[in-house]
4 protein chains.
Amino acid sequence: MTSTAAADPDKRAPGRPRSARSEQAIIDAVLSMISEGVAIETLSVESIAARAGVGKATIYRRWSSKEQLVVDAVASLKLPVPEVAGESVRDDLVTLVSAIARNAPHNYGKLMNCLIPQIARTQELQHWYQQIIEPRREATRRVLRRGMASGELRADLDLEAILVLLAAPMIVQRTMRWNPALDTPDLAERVVDAVLAGAAARPNGR
Amino acid sequence: MTSTAAADPDKRAPGRPRSARSEQAIIDAVLSMISEGVAIETLSVESIAARAGVGKATIYRRWSSKEQLVVDAVASLKLPVPEVAGESVRDDLVTLVSAIARNAPHNYGKLMNCLIPQIARTQELQHWYQQIIEPRREATRRVLRRGMASGELRADLDLEAILVLLAAPMIVQRTMRWNPALDTPDLAERVVDAVLAGAAARPNGR
Amino acid sequence: MTSTAAADPDKRAPGRPRSARSEQAIIDAVLSMISEGVAIETLSVESIAARAGVGKATIYRRWSSKEQLVVDAVASLKLPVPEVAGESVRDDLVTLVSAIARNAPHNYGKLMNCLIPQIARTQELQHWYQQIIEPRREATRRVLRRGMASGELRADLDLEAILVLLAAPMIVQRTMRWNPALDTPDLAERVVDAVLAGAAARPNGR
Amino acid sequence: MTSTAAADPDKRAPGRPRSARSEQAIIDAVLSMISEGVAIETLSVESIAARAGVGKATIYRRWSSKEQLVVDAVASLKLPVPEVAGESVRDDLVTLVSAIARNAPHNYGKLMNCLIPQIARTQELQHWYQQIIEPRREATRRVLRRGMASGELRADLDLEAILVLLAAPMIVQRTMRWNPALDTPDLAERVVDAVLAGAAARPNGR
DNA sequence: CGTTAATCGAGACGGTACGTCCTGTCTTCGG
DNA sequence: CCGAAGACAGGACGTACCGTCTCGATTAACG
């Protein structure tokens, strides 16, 4: 018997290891069905298994619920954080904000709509969601800080508030068409400009 | 109810008229189950019928789908548009924006989360949703116009953009905890202030 | 049996009554599959439902287990008690005993083999089984009593013992081929003759 | 036993030899579960493997089906043929016949009930069954022949018929409670006496 | 003494069937 | 004709086993 404790990282689980092929086939099945327009709540575990050529047990062995499976599938997409030109602060913000509405592949938008209630409910999904969007927030923060440093932006910004001001309108408008009057392609620019300009009159330069 | 119903002067539907009691019992059953924390997609027509002491057919006779029933149930809540003091523009905006996060009864927040995907999908739900929120938007518009007229606000505002800037952060933060750093009770004030102030520096008075 | 006989005979159960057509279709499906040679433990509720054009719930609503369904199906066959000529006691016994091995339709023999363990285990099945065979036993008793009255048979017979002596060999030989040497078509006659004659030598007429 | 023994006696199969410990553990697991009252068709290979602390493959390597495994397990019990006193033919027969109902260990009776359908179906099981009971039949034949020789029994007996007359009632009554009226402890004696005496009246010494 | 090869435990694999639950429709009855 | 009650065909759920298939680790006999 070895002296290595149970929490040995290179200790191999006994028995036949789980097949990476099956795992990928399942994920692919989910994504392909979603991108074919199957409504997410219509997705049945049975149809996923059939499409993936896999037994239902193989799915349930890995994911305890359909929701977690869908989330994993979506998370596996690994959308890249958009890169910014780095010249104009306004242009960079427009680039980042536009990206929120344009993460196109696999019906991502439709998917996110369906995930929102899940996210709102489930603690772990909130963690997962943070991992997805924090990099985007951070990219935006960098642009804002650059603007503050260069003098393009005010130095006393409530940074987190500005972040949500920029992102939330895109999300809300995209998922629930919050205001029909805003259903125009230049929404990102209008939002960025409104955020930059502010609403208050400044009689004396501030 | 007396036998002299006389709701319709000329044509009376034959047979037994639909019972308003049943209708209300169904709506109440839905609302009570929701406020007890039953997830909206877990709600089954069967359980609703049982809770309401009603046959399933009585439900299907009135609503063609569970979604419409839920929407009707929610719509029946008739939340009042908040009233504003009308003195300070900022204070009025804070009042209106705070209200978004505080429409408390019947787990309204949880409910909305679940309805968002439905709204995103279904045209009619979008119409219904507009009817609910347009009065609130209009109330906000009035405040903004008042500020523009009084000189408190800039005169060239992109009004619709400002509206979404005010409301979207509250919705996003409440439904999906978009940014943990913003989970504070004074979110409404921070948002209003950020919107009013804007982000751009104004070296030359603009 | 599954009939939930209410205390009140003319009291009608509320709701839609169970369809006799479905019930018959299910029974027929079972019998047809059995007579096509499907092994009884291979019979799946799913295949029965499919064959009968019926939902699984419609089966489970009536029978709580596959076994009870099969028993009901078999019981519905209502094999007639064979009639006897009434002249010779020996011939009548041969007729009755032969019938045990010849209840032919629907693979009845194969079926009984599979039911035996169930019968051995389940109290209610024993009751059901008694209802099936008691009429046959009674017919045999009548023949024996007739013989005792007419003097063809001894008057002090252990009637029940004679009954089992006549029937058991047929059952055992048919279900488990208890003794290959007895696998002949005239088994019934040999059994009857051996029972009638007895084994003991009678030097002095008794 | 199902293990494919090598044709060549001194040729040793290469590789690791099969473990006799595992084999015994599997048999023991089956027997213990049966004697704990687990219904034979409820026995799962998986549970047997778990109980025996053995991989499923180790079972399938030795037995191609659960039925064969159970048969092997039962066969390993090797019940002894009862010995007879050898004085009175009647007493010896009672001893032998009683033994049929009293092969007690390991729920043998319950077990046999479950095996009957298998036996009825499977050719090999019939062979195996013959090997088990033929010695008992032979013991009974010896007693009967002794009686015929000594004049205690008639000389023209249909021996095989008498054998089944003696054994079948015990089997049938024990496995399916064929006749509730016969559920008495002295069944063996009643059967033996009835067989010895016969049913026919003998007015003229025959 | 190392190679070879079948075994071992463990457990994942693609499947099939289970028995339950729900959907949306359809009968039945009494009001 | 409406109402409750509940049966109907259908279909997905999540579980349990089936018999097969990898895994790494043993365990002999052969070279």
Side-chain angles (χ1 to χ4, degrees), chain A residues 11-19 21-23 25 42-50 52-62 64-66, chain B residues 12-19 21-22 42-50 52-62 64-66, chain C residues 11-19 21-23 25 42-50 52-62 64-66, chain D residues 11-19 21-22 42-50 52-66:
Chain A
K11 172 78 180 205
R12 230 97 136 57
R16 177 174 173 176
R18 295 190 181 167
S19 153
R21 276 183 78 270
S22 298
E23 195 141 345
T42 307
L43 262 185
S44 70
V45 174
E46 229 141 52
S47 65
I48 295 170
V54 140
K56 276 200 291 178
T58 302
I59 295 183
Y60 284 111
R61 209 173 282 124
R62 290 151 210 269
S64 59
S65 75
K66 187 170 54 184
Chain B
R12 181 53 163 79
R16 180 172 171 181
R18 291 187 181 169
S19 151
R21 277 181 75 271
S22 298
T42 306
L43 263 185
S44 70
V45 173
E46 224 143 53
S47 64
I48 295 169
V54 140
K56 279 199 294 177
T58 303
I59 295 182
Y60 283 112
R61 207 172 285 125
R62 296 168 154 74
S64 59
S65 77
K66 185 171 59 181
Chain C
K11 172 76 175 189
R12 240 340 220 90
R16 177 175 172 175
R18 293 189 182 167
S19 153
R21 276 183 79 268
S22 297
E23 195 139 343
T42 307
L43 262 185
S44 71
V45 174
E46 231 141 48
S47 66
I48 295 170
V54 140
K56 276 200 292 178
T58 301
I59 295 182
Y60 283 111
R61 207 174 283 125
R62 289 150 211 268
S64 61
S65 76
K66 187 170 54 184
Chain D
K11 172 71 173 181
R12 212 13 191 94
R16 176 176 176 175
R18 291 186 183 169
S19 153
R21 277 183 76 272
S22 298
T42 307
L43 263 185
S44 69
V45 174
E46 225 140 53
S47 65
I48 295 169
V54 139
K56 278 199 294 177
T58 303
I59 294 181
Y60 283 110
R61 209 173 283 124
R62 289 151 211 270
W63 295 277
S64 61
S65 76
K66 185 171 56 182

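Only heavy atoms go into these numbers, but all of them, side chains included; no hydrogens, no water, no symmetry mates. Below, chains carry the letters A, B, ... as their sequence lines are ordered, and counting in each starts from 1. As the structure is a computational prediction, the values presented were derived from the model and not from experiment.
- The side-chain contact (heavy atoms from CB on, under 4.5 Å) test applied to A:A49 returns A:K56, A:I59, not counting sequence neighbours.
- F:dG6 atom C1' lies 18 Å from atom CD1 of B:I48, rounded to whole Å.
- Dashed line: the shortest gap from a side-chain N or O of A:T58 to OP1 or OP2 of E:dG14 is under 4.0 Å.
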Note, DNA chain E 5' to 3' with Watson-Crick or G-U pairs under 3.5 Å encoded as ( ), [ ], | and . gives |||||||||||||||||||||||||||||||
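- Qualifying side-chain contact (heavy atoms from CB on, under 4.5 Å) partners for A:R61, counting only residues two or more places apart in sequence or in other chains: A:R18, A:A57, A:T58.
- Toward the 5' end of DNA chain F, the nearer of the two residues B:V54 and C:S22, judged by each one's closest nucleotide, is B:V54.
- Spacing between atom CZ of D:R18 and atom P of F:dA29 amounts to 16 Å, rounded to whole angstrom units.
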Going 5' to 3' through nucleotides 14-21 of chain F and flagging B where a protein heavy-atom sits under 4.0 Å of the base, S where only the sugar-phosphate is that close, and - otherwise, we get BB-BBBBB
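- When all heavy atoms are compared, the tightest approach of A:S19 to A:S22 is OG-N, 3.0 Å.
- Listed by chain and number, the residues in a salt bridge (charged side-chain N to carboxylate O under 4.0 Å, His left out) with D:K66 amount to none (sequence neighbours excluded).
- Annotation: of the two residues near DNA chain E, A:P14 and A:A49, the 5′-most nearest-nucleotide partner is A:P14.
- Closest non-hydrogen pair, A:A25 versus A:A52, comes out as O-CB, 3.5 Å.
- A search for side-chain hydrogen bond (donor to acceptor under 3.5 Å, both in side chains) contacts involving C:T42 returns nothing, not counting sequence neighbours.
- Across all their heavy atoms, C:S44 and C:S47 have their closest contact at O-OG, 2.8 Å.
- Atom CD1 in C:I59 sits roughly 11 Å away from atom P in F:dC8 (whole-Å rounding).
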